Number of protein chains: 2
Amino acid sequence: MNHARVTLSDIAQRAGVSPATVSRVLNGDPRVAPARVARINEIIEELGYAPNRAARTLATGRTGLVAAVIDSNLNVFSDPFWGIITTGVSRALQDSGMQALLMVRPLDDADPQVMGTLAPGHVDGAIFFQLHNDNVVRQLQDLGLPCVVVGRPDDAASFTYVDSDNFGGAEIATTHLLKRGCTRVATIAGDVRLSSGRLRLDGFRSALAHAGIELDESFVVFGDWTDESGEAAMNELLNRHPDIDGVFIANDAMAIGALAVLDDRGIDVPGQVAVVGFDNMFAGRIGRKQLTTVQQDVEALGATAASMVIEAIQGAVPKSVILPTHLVVRETA
Amino acid sequence: MNHARVTLSDIAQRAGVSPATVSRVLNGDPRVAPARVARINEIIEELGYAPNRAARTLATGRTGLVAAVIDSNLNVFSDPFWGIITTGVSRALQDSGMQALLMVRPLDDADPQVMGTLAPGHVDGAIFFQLHNDNVVRQLQDLGLPCVVVGRPDDAASFTYVDSDNFGGAEIATTHLLKRGCTRVATIAGDVRLSSGRLRLDGFRSALAHAGIELDESFVVFGDWTDESGEAAMNELLNRHPDIDGVFIANDAMAIGALAVLDDRGIDVPGQVAVVGFDNMFAGRIGRKQLTTVQQDVEALGATAASMVIEAIQGAVPKSVILPTHLVVRETA
DNA sequence: CGGGTTTGTGAAAACGCTTTCACCGATACT
DNA sequence: AGTATCGGTGAAAGCGTTTTCACAAACCCG
C-alpha cells in the first residue's frame with residue numbers, strides 16, 4: 001500500500017508555488033504565467049497526479065456526475081437498444097469530463113433510493129429512459145435538478161426530451177410502399193399507450209392522407225411489439241383482407257413474426273405483399289429475407305441526451321429534439 | 001433556489017448535540033444514548049436530510065462507487081447482453097448502497113481517461129467487460145484497485161473473474177444431439193481467440209470423447225459469431241459432409257445463418273439435421289423454427305460480478321466463479 | 001467510599017480542493 | 001514623476017463529513 005496518494009499540495013510544494021496556483025492551472029485559469037503553467041503541468045505529468053473528485057465536489061458543489069436512470073418497470077431485458085444508448089451517453093459525458101452513474105430501478109412514485117441519490121447535490125443532472133411514470137422526474141425537476149428524458153414522454157410539454165422521429169419514419173416507410181405501387185396497404189401498430197406506438201401509427205395515417213387515400217380502419221391491427229403478436233396480427237390482417245399488397249409494421253420484432261406467417265402461407269414477399277418494419281434492430285439476415293425497415297440512430301439518441309443535460313447543467317434551457325430516421329431498403333419492400 | 005441544503009450541523013444544532021453525535025447516529029455507532037438516537041432520527045426525517053456523499057468520501061476515503069468498464073474495442077453494439085449484465089451489476093451494487101459508474105472506452109494500453117478515473121481513490125472497485133486486453137486491468141490491480149472481470153480472461157490465473165459455463169454448456173448441447181441419435185455431428189465454432197470460443201469448442205470435443213466418438217477435424221468449421229459466417233460455415237460443412245445429421249453452433253447468430261442455409265437447401269430440421277445453438281439470444285421465434293440452444297443467466301453474471309467486487313473491497317479475496325448454463329430444448333433439436 | 005472502569009459526549013483536526021481577498025511589482029497613463 | 005491599472009500570486013477560509021482524543025459523569029468493585 002503506497003498510501004501516498006499525490007495531492008495538489010505535493011505538486012505545489014514541488015513546484016515552489018502555492019496550492020492556489022496549482023489549482024488555477026488545473027482549472028485553466030488564464031492568469032497564471034505561462035512558464036509556470038508549463039512547469040506545473042510537467043510536474044503533474046511526472047507525478048501522475050489526478051485531482052481528487054470528492055474534494056473538488058465538496059469545494060465547488062459540482063459532482064461531475066450525471067445519472068442515467070432506467071425504468072425497470074418496463075421491458076428492460078428485451079430492449080437491445082438501451083445498451084447502445086447508454087454507450088452514447090457515457091461517451092458524450094466523458095467528452096465533457098463528466099461521468100455516467102447508472103441506475104436501474106422500478107421508477108415508482110417516490111422511490112427513496114432514487115430520490116435520495118438524485119437529490120440535488122449528489123448528481124449534476126439526470127437522464128431518464130423508458131419512462132412510464134412522469135412523477136419522479138417531475139419531482140426532481142421541481143427540486144431544481146436538470147433532467148432530460150429519452151423518448152417522448154406523455155406530457156411532452158413539461159419536460160425536455162429527445163426522441164427519434166417516429167412519425168416521420170412511419171410516414172416515409174408507408175410512402176415507400178405506396179411509391180412501389182402498393183394500393184391496399186395495412187399496418188400492424190404497436191402499443192398505443194406508448195408515444196412511439198401512437199406516433200408510428202399517426203405517421204402511417206398521414207402518409208395515406210397525403211396520397212389522397214382514405215384509410216379503412218380494418219386495415220389497422222394492433223400488436224404488443226412481440227414477434228408472437230406480429231404473427232397473430234398478420235394472420236388477422238390476411239383473413240380480413242386476403243388481397244393486401246403492402247404492410248407497415250411498427251417494429252422489427254413484429255415484422256419477424258409477420259414474415260414467418262407470410263412465408264408459411266406461401267405468400268411471396270415482396271412480390272405479393274411488401275413489408276416495411278421499424279427499428280433496424282436485426283442488422284443481419286434474420287429468417288429468409290432481409291427486412292426493409294426504418295433506422296434510428298440509437299447512439300445519437302444517447303449522445304444528444306447527454307449534450308442536452310450538460311447544457312441544462314450550464315444553465316441553458318435546452319429545447320426538445322427530434323432526431324431524424326431514415327429508410328433502409330432491403331429485400332422485403 | 002432554496003440553496004439551504006440541510007447539513008449535518010443543522011441537525012446537530014436542532015437536536016442540541018454536537019455534529020459528532022449526529023455522525024455517529026448516521027453510521028449506527030452503538031454508543032449513542034437510545035433516546036438521542038430516536039430524537040435525531042426524527043429530526044433527520046423531518047428535515048429530509050441526506051448526507052453529502054462528497055464530504056463523506058473525503059473524510060473516509062471510500063467513494064461508494066464501482067466502475068463498470070466496457071471495452072468498446074470489441075463488439076459493443078452487436079451484443080444485446082451487456083445491457084442486461086449492467087442491469088445486474090447496478091441492482092446488486094445498489095443493494096449494498098453503492099453506485100455503478102459506467103465507462104465505455106476503447107481499453108487501450110494506458111488510456112489516461114481510464115487510468116485517471118479509476119486510479120484508487122476515485123472508485124472503490126471496478127468490473128470489466130468484454131476484455132480483449134488484460135494490461136489495463138493488471139495495472140489497476142497492481143495499484144491496489146479491487147477488480148473483477150466478466151468473461152474468462154486469457155490469463156485466468158491473474159484475475160478474479162466470473163463467467164458462464166461455456167464448456168459445460170457446449171458439452172451438454174452436444175450430448176443432447178448424440179442422445180437424439182445423431183451419429184455424424186459437426187460444429188460451427190466461434191472465434192477461438194476468445195476464451196468463450198475455445199471453451200465451447202472444447203466442450204463439443206469433450207462430449208464426443210465421452211461418447212467414445214473419434215472426431216474427424218473436418219467436422220469442425222470456424223465462424224466469427226456473425227450470421228453471415230454461420231451461413232458460410234454451414235455451406236462448407238454440407239459440402240464436405242452431405243450426410244451430417246447434427247450440428248452444434250457456438251452462438252445463436254451463426255445458428256440463424258445456418259438455419260437459413262438448411263432451409264434454402266430444403267433440408268428438414270431437425271428431421272435430417274438437428275441444430276443446437278448457444279446464448280438463447282432470441283427468446284422468441286426467429287425465422288421458421290424455434291432454436292434449441294444453451295442459455296446463460298446473464299443478469300446473474302452481472303450480479304455475481306458486483307458481489308465479488310464488493311467482497312474484494314471489503315478485503316476478501318474472492319475466488320473466480322463459473323455460472324451454470326442449461327439447455328433450452330425447442331424445435332431444432 | 002475511593003480508585004478504576006465504563007458510557008456517552010464534544011472539540012477539533014483532518015480529508016484535498018476552490019475561491020475570495022489582499023497584496024505587490026510592473027506597466028500605462030497624465 | 002506620480003498615480004491608476006493590471007497581471008500574477010499567496011494566505012486562508014471554507015465545503016460537510018468522520019474520527020481521534022480527551023473528558024465528564026455514572027457505574028462497579030472490594
Side-chain angles (χ1 to χ4, degrees), chain A residues 1 3-41 43-44 47-65 97 116-117 119-124, chain B residues 1 3-41 43-44 47-65 97 116-117 119-124:
Chain A
M1 304 288 166
H3 273 134
R5 291 249 318 117
V6 31
T7 130
L8 181 144
S9 306
D10 296 342
I11 307 287
Q13 203 166 339
R14 180 94 157 230
V17 301
S18 77
T21 300
V22 178
S23 172
R24 287 194 258 264
V25 171
L26 244 35
N27 295 291
D29 188 317
R31 299 172 313 179
V32 182
R36 273 181 210 243
V37 174
R39 176 83 188 104
I40 291 176
N41 276 326
I43 298 183
I44 286 177
L47 265 51
Y49 166 74
N52 179 314
R53 258 179 183 267
R56 182 172 274 184
T57 294
L58 195 53
T60 61
R62 271 167 273 116
T63 62
L65 254 34
T117 317
H122 292 221
V123 297
D124 294 343
Chain B
M1 303 285 166
H3 273 133
R5 291 251 316 119
V6 31
T7 129
L8 181 144
S9 307
D10 296 343
I11 306 288
Q13 203 166 338
R14 181 94 157 229
V17 301
S18 78
T21 301
V22 178
S23 173
R24 287 192 258 263
V25 170
L26 245 34
N27 295 292
D29 188 315
R31 298 171 312 178
V32 183
R36 272 180 212 244
V37 174
R39 175 85 188 102
I40 291 176
N41 277 325
I43 299 184
I44 287 177
L47 266 51
Y49 165 76
N52 179 315
R53 255 178 185 268
R56 182 171 273 183
T57 295
L58 195 53
T60 59
R62 270 167 274 116
T63 63
L65 254 34
T117 317
H122 293 224
V123 296
D124 293 343

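Scope of the values below: all heavy atoms of this structure, side chains included, with no hydrogens, waters or symmetry mates. Just so it is clear, the structure is predicted and the values come from calculations on it, not from any experiment.
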Grab the [atom1]-[atom2] distance between [X] and [N] for me, whole Å please.
X       : N      : atom1 : atom2 : value
A:Arg53 : C:dT18 : CZ    : P     : 12 Å
A:Arg56 : C:dG16 : CZ    : C1'   : 11 Å
A:Leu58 : C:dC15 : CG    : P     : 14 Å
A:Arg5  : C:dG16 : CZ    : P     : 8 Å
B:Arg36 : C:dG8  : CZ    : P     : 10 Å
B:Leu26 : C:dT9  : CG    : P     : 15 Å
B:Asp29 : D:dT19 : CG    : P     : 10 Å
B:Arg31 : D:dA22 : CZ    : C1'   : 13 Å

A:Ser23 side-chain N/O to A:Pro19 backbone N/O, donor-acceptor pair under 3.5 Å: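 Side chain of A:Ser23 to backbone of A:Pro19: no pair is present.
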A:Thr63 side-chain N/O to A:Asp124 backbone N/O, donor-acceptor pair under 3.5 Å: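 Checked: pair present.
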Closest to the B:Ala20 side chain, choosing from C:dG10, C:dC17, D:dA12: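 Nearest to the side chain of B:Ala20 among the choices is C:dG10.
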Minimum-distance nucleotide (side-chain atoms of A:Asn52 versus D:dT18, D:dT17, C:dC17):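 Within the option list, the nearest is C:dC17.
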Criterion side-chain contact (heavy atoms from CB on, under 4.5 Å) on B:Ile40 and B:Arg24, from CA distance to verdict: CA-CA 11 Å; B:Ile40 291 176; B:Arg24 287 192 258 263; over 6 Å; no
5'-most by nearest nucleotide on DNA chain C - A:Ala50 or B:Pro34: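 Per heavy-atom nearest nucleotide, the more 5' residue is B:Pro34.
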Measuring to OP1 and OP2 of [N], would you say a side-chain N or O of [X] lies under 4.0 angstrom away?
X       : N      : answer
B:Arg62 : C:dC15 : no
B:Thr7  : D:dC15 : no
B:Asn27 : D:dT18 : yes
A:Thr21 : D:dG10 : yes

Side-chain heavy-atom pair B:Val17, B:Arg39 within 4.5 angstrom cut-off: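 SC-SC contact between B:Val17 and B:Arg39 ruled out.
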base_contact_polar (C:dG10 base, B:Arg24 side chain, donor-acceptor, <3.5 Å):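 Checked by distance alone, the answer is yes.
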Nearest-0.5 Å distance, OG1 of residue B:Thr60 to CZ of residue B:Arg53: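 Rounded to the nearest 0.5 Å, the OG1-CZ separation comes to 10.0 Å.
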Sugar-phosphate, base or nothing in reach of B:Ala33, heavy atoms under 4.0 Å: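 Sugar-phosphate: the residue B:Ala33, judged by heavy atoms under 4.0 Å, touches backbone atoms but no base.
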Touch class at under 4.0 angstrom, heavy-atom based, for B:Ser23 against every strand present: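 Base, at least one base heavy atom under 4.0 Å.
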